[in-house]
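What follows is a single structure, written as structure tokens, with notes after it.
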Amino acid sequence: MRIGVFKFASCDGCQIAFFDISDKLLDIGFQIDYFVEAQSENRFDNFDISFVEGSISTPDQEDFIKKIREKSKKLVTIGACADSGGIQSIRNFMDFGQILSSVYPSPEYIKSLEKSKPVSDYVDVDFEIRGCPINPQQLYEVVVSLYLGKTPSLPQYPLCLECKRKGNPCVLVLGKPCLGSVIKAGCGALCPSFNAGCYGCYGPVKKPNLNSLGEIFRERGFGDLFEKILTSFNAYNRVYRERYEKG
């Protein structure tokens with residue numbers, strides 16, 4: 001198996017998961033041909049699986065992701081930036097020209113797309129691994145499953161179920177804003193286990209009940225649910241933006 005690991009607009013955090021499972025990958029004979037973060041010699045050729053971190057934010061990145069897709073039998077996105085635009089996609093809901101001029105003293109030299117978008121807006125994606133950062137065990141599950149020719153098995157249910165399994169008291173009931181009922185599980189309910197509300201790192205479940213949770217947020221004085229969602233890790237996820245565009 002020939003693997004490529006690529007990075008676009010992101011913090012590099014999701015790529016680090018490969019270091020956590022590197023010994024396992026070597027034991028089963030996987031070969032990483034392209035991984036700038038981890039090795040000095042890289043070969044951009046044909047890949048069995050390409051893993052892509054980061055959102056597409058510049059014209060050069062748009063061109064490169066299309067080349068990666070052409071060279072890859074399977075393309076898997078890793079992390080909130082690649083899956084949903086990441087923190088940087090907050091700009092998608094603002095005036096881009098104003099943001100550019102406020103950040104850079106000479107914005108005319110900056111080559112940037114007006115919107116920071118997930119990889120799936122530009123090419124076909126075979127599978128996505130959610131998280132900010134991703135769970136190394138989920139990464140290993142996907143690698144091995146694709147190697148064996150089967151569909152990876154990752155949680156599709158809400159985070160609330162993980163809290164129930166761990167016996168956590170509901171932080172929303174205890175008076176703290178929590179997105180757990182509309183967010184995919186996968187982190188082991190990390191934040192609620194420490195008496196903090198879920199921030200939504202893993203993005204929305206397939207059909208989140210945003211209206212009901214939004215009503216609870218308003219009733220309890222937590223503010224507008226969409227203001228929190230659209231300024232977070234998965235701001236440009238299709239579920240959120242479609243709901244936002246509908247008003």
Side-chain angles (χ1 to χ4, degrees), residues 11 13-25 51 53 76-84 86-87 118 125-148 150-223 225-226 228-229 231-235 237-240 243:
C11 71
C14 290
Q15 294 179 89
I16 302 302
F18 278 93
F19 294 100
D20 295 325
I21 64 170
S22 58
D23 290 343
K24 294 180 180 179
L25 294 181
F51 292 90
E53 173 189 323
V76 178
T77 53
I78 55 174
C81 292
D83 297 333
S84 304
I87 290 290
V125 171
D126 295 290
F127 204 81
E128 62 179 33
I129 305 176
R130 299 279 192 87
C132 185
I134 61 172
N135 183 323
Q137 297 309 313
Q138 289 193 1
L139 174 62
Y140 186 66
E141 160 69 18
V142 171
V143 172
V144 173
S145 294
L146 294 178
Y147 172 67
L148 296 174
K150 71 183 188 74
T151 302
S153 178
L154 300 184
Q156 301 300 315
Y157 46 80
L159 182 77
C160 287
L161 186 53
E162 287 190 337
C163 275
K164 292 291 186 182
R165 287 172 173 169
K166 298 185 73 170
N168 292 338
C170 178
V171 294
L172 188 63
V173 172
L174 294 176
K176 295 183 178 181
C178 181
L179 302 177
S181 62
V182 298
I183 298 299
K184 273 189 180 181
C187 65
L190 182 61
C191 292
S193 295
F194 288 90
N195 199 32
C198 169
Y199 291 93
C201 301
Y202 278 65
V205 292
K206 190 172 183 179
K207 293 182 179 180
N209 193 338
L210 299 172
N211 290 333
S212 292
L213 185 60
E215 185 176 339
I216 292 173
F217 267 52
R218 288 192 297 273
E219 289 177 353
R220 302 195 176 186
F222 297 154
L225 175 64
F226 271 89
K228 296 183 182 298
I229 286 175
T231 55
S232 189
F233 309 96
N234 293 275
N237 184 283
R238 277 194 171 87
V239 173
Y240 295 153
R243 175 66 174 80

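The basis for the numbers below is simple: all heavy atoms, side chains too, and nothing from hydrogens, waters or symmetry mates.
Remark: side-chain polar atoms of Asn135 are paired, donor with acceptor, to backbone N or O of Gly186 under 3.5 angstrom. Distance alone, capped at 3.5 Å, is enough to place a donor-acceptor pair between the Asn234 side chain and the Gly200 backbone. Using modelled atom types, one side-chain atom of Glu141 and one backbone atom of Ser153 make a donor-acceptor pair closer than 3.5 Å. In this structure, Ser22 contributes its side chain and Phe19 its backbone to a donor-acceptor pair below 3.5 Å.
The two residues Ile129 and Ile134 come nearest to each other via the heavy atoms O-CG2, 3.6 Å. When all heavy atoms are compared, the tightest approach of Cys198 to Pro192 is N-CG, 4.4 Å. When all heavy atoms are compared, the tightest approach of Pro158 to Ala185 is O-CB, 3.9 Å. When all heavy atoms are compared, the tightest approach of Leu172 to Cys178 is CD1-N, 3.9 Å. Nearest heavy atoms, Tyr199 versus Ser232: O-OG, 3.4 Å. Heavy-atom minimum distance, Cys14 versus Gly79: SG-CA, 3.5 Å.
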Legend entry - salt bridge (Lys or Arg N to Asp or Glu O under 4.0 Å) between Glu162 and Lys164, worked out: CA-CA 5 Å; Glu162 287 190 337; Lys164 292 291 186 182; over 6 Å; no
Inset, instruction - Decide yes or no on side-chain contact (heavy atoms from CB on, under 4.5 Å) for Ile183 and Val205, but give the supporting numbers first. - result: CA-CA 5 Å; Ile183 298 299; Val205 292; 6.0 Å; no
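A cation-pi geometry, defined here as NZ or CZ lying under 6.0 Å from the six-membered ring centre and within 45° of its normal, does not hold between Lys184 and Tyr157.
To the nearest 0.5 Å, the span separating CG on Asn195 from CG on Asn168 amounts to 9.5 Å. In this structure, the separation between CD on Gln138 and OH on Tyr202 is 5.0 Å, given to the nearest 0.5 Å. With values rounded to the nearest 0.5 angstrom, Ser181 atom OG is found 12.5 Å from Leu161 atom CG. Expressed to the nearest 0.5 Å, how far CG of Asp20 lies from CG of Leu139 amounts to 9.0 Å. Atoms CZ and CG, from Arg238 and Asp83 in turn, are 11.0 Å apart once rounded to the nearest 0.5 Å. Rounded to the nearest 0.5 Å, atoms CD (Gln15) and CD1 (Ile78) are 6.0 Å apart.
Using modelled atom types, one finds no donor on one side chain facing an acceptor on the other under 3.5 Å when comparing Asn237 with Arg243.
With a 6.0 Å radius and a threshold of 12 heavy atoms from other residues, nucleotides or ligands, Phe217 has its CZ atom above the threshold. Heavy atoms of other residues, nucleotides or ligands lying less than 6.0 angstrom from NZ of Lys166 number more than 12. Counting non-hydrogen atoms of neighbouring residues, nucleotides and ligands closer than 6.0 angstrom, the CZ atom of Phe222 exceeds 12 such neighbours. Crowding of Lys150 atom NZ: a count of heavy atoms from other residues, nucleotides or ligands under 6.0 Å exceeding 12.
A heavy-atom distance below 4.5 Å is found between the side chains of Pro152 and Leu146. Using a 4.5 Å heavy-atom cutoff, the side chains of Pro208 and Val239 are in contact. Taking 4.5 Å as the limit, every side-chain heavy atom of Ile216 sits out of range of all side-chain heavy atoms of Leu225. Residues Leu213 and Leu179 are in side-chain contact: their nearest non-hydrogen atoms beyond the backbone lie under 4.5 Å apart.
Ring pair Phe51/Phe18: centre-to-centre distance below 6.0 Å.
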